[in-house]
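All remarks here apply to the structure that follows.
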Amino acid sequence: EQCLLIEYQTQCDPGVFMLMSTTTVWTGVLFVKEGVYRDAIVRFQLLFEDYPTKPPKIIVKTRLDHPLVHPLSGRVNLEFGFPVWHEQLFVRDVMLYLTTILVLDEATRHAIEVETQTTLDSAFDQNAHYLAQESNKFIFEDCDSEIVFSPWDLDVHPQVLARLL
């Protein structure tokens with residue numbers, strides 16, 4: 001539990017925002033900046049059951065048709081990226097993995113195609129782009145998450161932005 005608290009305090013990847021719901025459940029949002037899922041807003045949970053001896057589970061809450069994300073449960077296949085888990089791996093490594101499989105550069109695409117024996121063709125790319133755009137439509141909806149967003153409010157947000165700058 002102590003190592004999770006330390007990792008939570010040091011996680012700071014750009015485009016990833018997480019809240020600790022409990023020490024064993026973290027809620028997050030990933031803003032995908034490039035690749036076939038570019039502009040997707042991906043909600044997820046990290047579940048820590050036997051961490052650090054076993055990896056956390058990543059459950060994606062946003063609809064993604066991805067060969068490494070189970071279509072019903074949303075569970076991300078971590079075994080592909082971490083065939084052997086060891087205690088020198090951290091939450092930051094898991095988040096980098098999630099970002100990498102969503103950016104889907106050519107090397108990652110090829111490795112996934114070989115591992116899953118599927119072809120990620122132009123139809124896959126089009127569907128991924130469509131789902132990325134769809135994820136934006138629901139950003140302000142009430143969802144089962146501690147991380148909520150609200151539309152830009154001209155009466156509130158300029159003052160907050162000025163204080164931040």
Stepwise side-chain contact (heavy atoms from CB on, under 4.5 Å) test for L46 and V91: CA-CA 9 Å; L46 291 176; V91 173; 3.8 Å; yes
V103 reachable from L131 in the ILVMFWY side-chain graph, under 4.5 Å edges: no
Joint hydrophobic cluster, W26 plus I59, side-chain heavy atoms closer than 4.5 Å: no
Nearest-0.5 Å distance that lies between atom CG in L64 and atom CG in L102: 6.0 Å
Side-chain touch L47/P56, heavy atoms, less than 4.5 angstrom: no
Between CG on residue D93 and CG on residue L78, distance to nearest 0.5 Å: 11.0 Å
Worked check of side-chain contact (heavy atoms from CB on, under 4.5 Å) between M20 and T23: CA-CA 6 Å; M20 185 182 286; T23 52; 4.1 Å; yes
Criterion salt bridge (charged side-chain N to carboxylate O under 4.0 Å, His left out) on R109 and D125, from CA distance to verdict: CA-CA 11 Å; R109 175 186 289 264; D125 291 352; 2.6 Å; yes
Short side-chain to backbone donor-acceptor contact, S73 and R75, under 3.5 Å: yes
salt_bridge(E49, K57) N-O dist < 4.0 Å: yes
side-chain contact (heavy atoms from CB on, under 4.5 Å) between V36 and H129, intermediate numbers included: CA-CA 6 Å; V36 294; H129 180 71; over 6 Å; no
Non-hydrogen side-chain atoms of V29 and V42 separated by less than 4.5 Å: no
Check: T62 side chain, R43 main-chain N or O, donor-acceptor pair, under 3.5 Å: yes
More than 12 heavy atoms from other groups under 6.0 Å of NE2 on H70: yes
Side-chain donor/acceptor of N127 to backbone N/O of F124, under 3.5 Å: no
L68: which of L104, I101, I58 passes side chain to side chain contact (heavy atoms under 4.5 Å, CB included): I101
Path from F90 to F44 over hydrophobic side-chain contacts below 4.5 Å: yes
Heavy-atom donor-acceptor pair, T53 side chain to D50 backbone, under 3.5 Å: yes
Between CD1 on residue I41 and CG on residue N136, distance to nearest 0.5 Å: 4.0 Å
Close side-chain approach of E134 and F138, heavy atoms under 4.5 Å: yes
Side chain W85, main chain P52, donor-acceptor under 3.5 Å: yes
H66 (side chain) donor-acceptor with P71 (main chain) under 3.5 angstrom: no
Any N77 side-chain heavy atom under 4.5 Å of T116 side chain: no
Test log, rule side-chain contact (heavy atoms from CB on, under 4.5 Å), inputs D105 and T108: CA-CA 5 Å; D105 63 22; T108 305; 2.8 Å; yes
Flag if over 12 foreign heavy atoms under 6.0 Å of CZ, F82: yes
Cluster check I139, I147: I/L/V/M/F/W/Y, side chain < 4.5 angstrom: yes
Interatomic spacing from CD in Q45 to CE in M18 - rounded to 0.5 Å: 12.5 Å
Heavy-atom neighbours of Q159 CD exceed 12 at 6.0 Å: yes
Side chain to side chain, F31 and F17, heavy atoms closer than 4.5 Å: yes
Sub-4.5 Å side-chain heavy-atom contact between D39 and Q133: yes
Nearest heavy-atom neighbours spanning L89 and Y51: O-OH, 3.7 Å
Side-chain heavy-atom pair T118, L120 within 4.5 angstrom cut-off: yes
CD on Q117 to OG1 on T119, rounded to 0.5 Å: 10.0 Å
F48 vs V25 side-chain heavy atoms within contact, under 4.5 Å: no
